[in-house]
Number of protein chains: 2
Amino acid sequence: MDDDPRVRTWAPVCQAVAALLGPYAEVVLHDPGTDRIMAVWNPMSARGPGDPSLLGELDALDPSAPDVFGPYEKLLADGRRLSSVSAILRDPDGRASVVLCVNLDRTPLEQAAAVLSAFGAPTVSRPEPLFEHDWSERVQHVVGSYVRECGRPVERLTRADRLAVLARLDEAKVFAVRRATPVVAGALRVSRSTLYGLLAELRAPNAKDHAR
Amino acid sequence: MDDDPRVRTWAPVCQAVAALLGPYAEVVLHDPGTDRIMAVWNPMSARGPGDPSLLGELDALDPSAPDVFGPYEKLLADGRRLSSVSAILRDPDGRASVVLCVNLDRTPLEQAAAVLSAFGAPTVSRPEPLFEHDWSERVQHVVGSYVRECGRPVERLTRADRLAVLARLDEAKVFAVRRATPVVAGALRVSRSTLYGLLAELRAPNAKDHAR
DNA sequence: TCCATGGCTGGACTCTATGTCCAATCTGGA
DNA sequence: TCCAGATTGGACATAGAGTCCAGCCATGGA
């Protein structure tokens, strides 16, 4: 079934829709000729390829009907409410090739909507954390916690220690801040040259790692 | 453009997706050959048929690449965050026929999620805010919220508007970040020179404040 | 004690990014 | 149409980032 050329043609679309809508949407390809399911992505019911489509109501052969139906509501056996859309997909000659159905489980949305409407929807807007106001304090803090972790004062840190601290600072994008280098060098009690040396070593994970 | 046979082939799918996702999703068909937009449903930006696709990164001609990308995050000029999925759709011979992109505006979902997460998990404690990982996105966001506040697109902002945005960005210490100036200038659709001009005006509270 | 080694240092140097300035151009309004 | 003010690209000056190196410790082994 998977090697039906029609499935190959339409699969990427189905896969894309399924990926976009995450776990809450089921995508089904029907064969209008045999009225059976050809393929399913994200199945929500037990239906699978080969099962009957039960699409009787939409007549793919009526040329006057529109190609896209819905969204209309369906009800699953367990009570979940679905929004469904169907589309008749045609081959280059205009013949109905397959019928695509997308079924979206509305319950999570309805739950969310219920909660939202319970408030008057004043739409919470965070006041924006924005940027760290005192990034140099932050540097001191990173160095400080490391010092406390290993119990050695800054002056006694080993080369490896400084590399570790630098890794954290670099990770935290500290060096994207202007004039950060001298501050960090100061905090680590190291010269600017050394700082750049360590940094280079840190950022070149190749060569020279015989130490590991 | 509408009578391109490829558009006829794929239009029902696009229309279905657009119908299913209501007003919050944009569906775009790209021509991988000319790298231009062929058709758009539910347009969210000003792009239309014939405009360049700006899809450079996904190479439709690389046969080893997967056919479906995403979902990945995109940022609109006005700051809205999108979930995007792209799929390469092929003709019966396996040649890339068109590229389908579905862009879902996440802001309503995020607002809902924010409210929902406010229940449960009292006071999420982030383990060290550290630095903003993507500060340029932050810039986009500040510009974006302003644009939405005053309802004018970036291109139509007045001089005073730009001053106001700059004040916010300056307040947020954006210019303490390396290489921020060109990014901000770009976001405001203004040249570097102008940027510095506005900035100077902003930071000189003396003289010329007859306006207060 | 002496020497060898490896990391650290200051400083010179290059190059990129920042910020200033200006003449030419654009734009909106009288 | 013309004018005043805003905007622009580009030239320029300078500061900061990053590299390099010769010399200087400190450590540890002979």
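Here is the naming used below: chain letters follow the sequence lines, and residue numbers restart at 1 for every chain.
- We find that CG of A/Leu195 is positioned 11 Å from C1' of D/dA17, with the value rounded to whole Å.
- Contact annotation: side chain of A/Ser193 to base of C/dG10, donor-acceptor pair present below 3.5 Å.
- The interatomic distance linking B/Phe175 (CZ) with D/dA15 (C1') rounds to 18 Å, in whole Å.
- Spacing between atom CZ of B/Arg162 and atom C1' of D/dT7 amounts to 10 Å, rounded to whole angstrom units.
- In this structure, A/Leu166 places its CG atom 11 Å from P of C/dC8, rounding to the nearest Å.
- At a threshold of 4.0 angstrom between heavy atoms, the contacts of A/Arg192 include nucleobase atoms, whether or not backbone atoms are also involved.
- Residue B/Arg159 is the one, among A/Arg178 and B/Arg159, whose nearest nucleotide of DNA chain D lies closer to the 5' end (criterion: closest heavy atom).
- Put simply, CD on A/Glu201 is 17 Å from C1' on D/dG18, counting in whole angstrom units.
- Of the side-chain N and O atoms in B/Thr194, one or more sit less than 4.0 angstrom from OP1 or OP2 of D/dT8.
- Remark: B/Tyr196 is in phosphate contact with C/dG19, judged by side-chain N or O atoms under 4.0 Å from OP1 or OP2.
- Atom P of nucleotide C/dG7 and atom CD of A/Glu155 are separated by 21 Å, given to the nearest angstrom.
- Considering only the side chain of B/Arg179, C/dA17 comes nearest among D/dG16, C/dA17, D/dT19.
- If you measure from atom CG of A/Leu198 to atom C1' of D/dC20, you get 16 Å, rounded to the nearest angstrom.
- Remark: B/Arg6 engages B/Asp31 in a salt bridge, criterion side-chain N to carboxylate O under 4.0 Å.
- Salt bridge absent: A/Asp161 and A/Arg156 never bring a charged side-chain N and a carboxylate O closer than 4.0 Å.
- Salt bridge absent: A/Glu201 and A/Arg162 never bring a charged side-chain N and a carboxylate O closer than 4.0 Å.
- One distance of note links CG of A/Leu188 with CG of A/Leu166; it measures 5.5 Å at 0.5 Å rounding.
- Between A/Val190 and B/Ala200, the residue anchored nearer the 5' end of DNA chain C, judged by the nucleotide with its closest heavy atom, is A/Val190.
- Residue A/Val27 forms a side-chain contact (heavy atoms from CB on, under 4.5 Å) with just one option from A/Val13, A/Leu100, A/Val40, A/Asn42, and that option is A/Leu100.
- D/dT19 atom P lies 9 Å from atom CZ of A/Arg203, rounded to whole Å.
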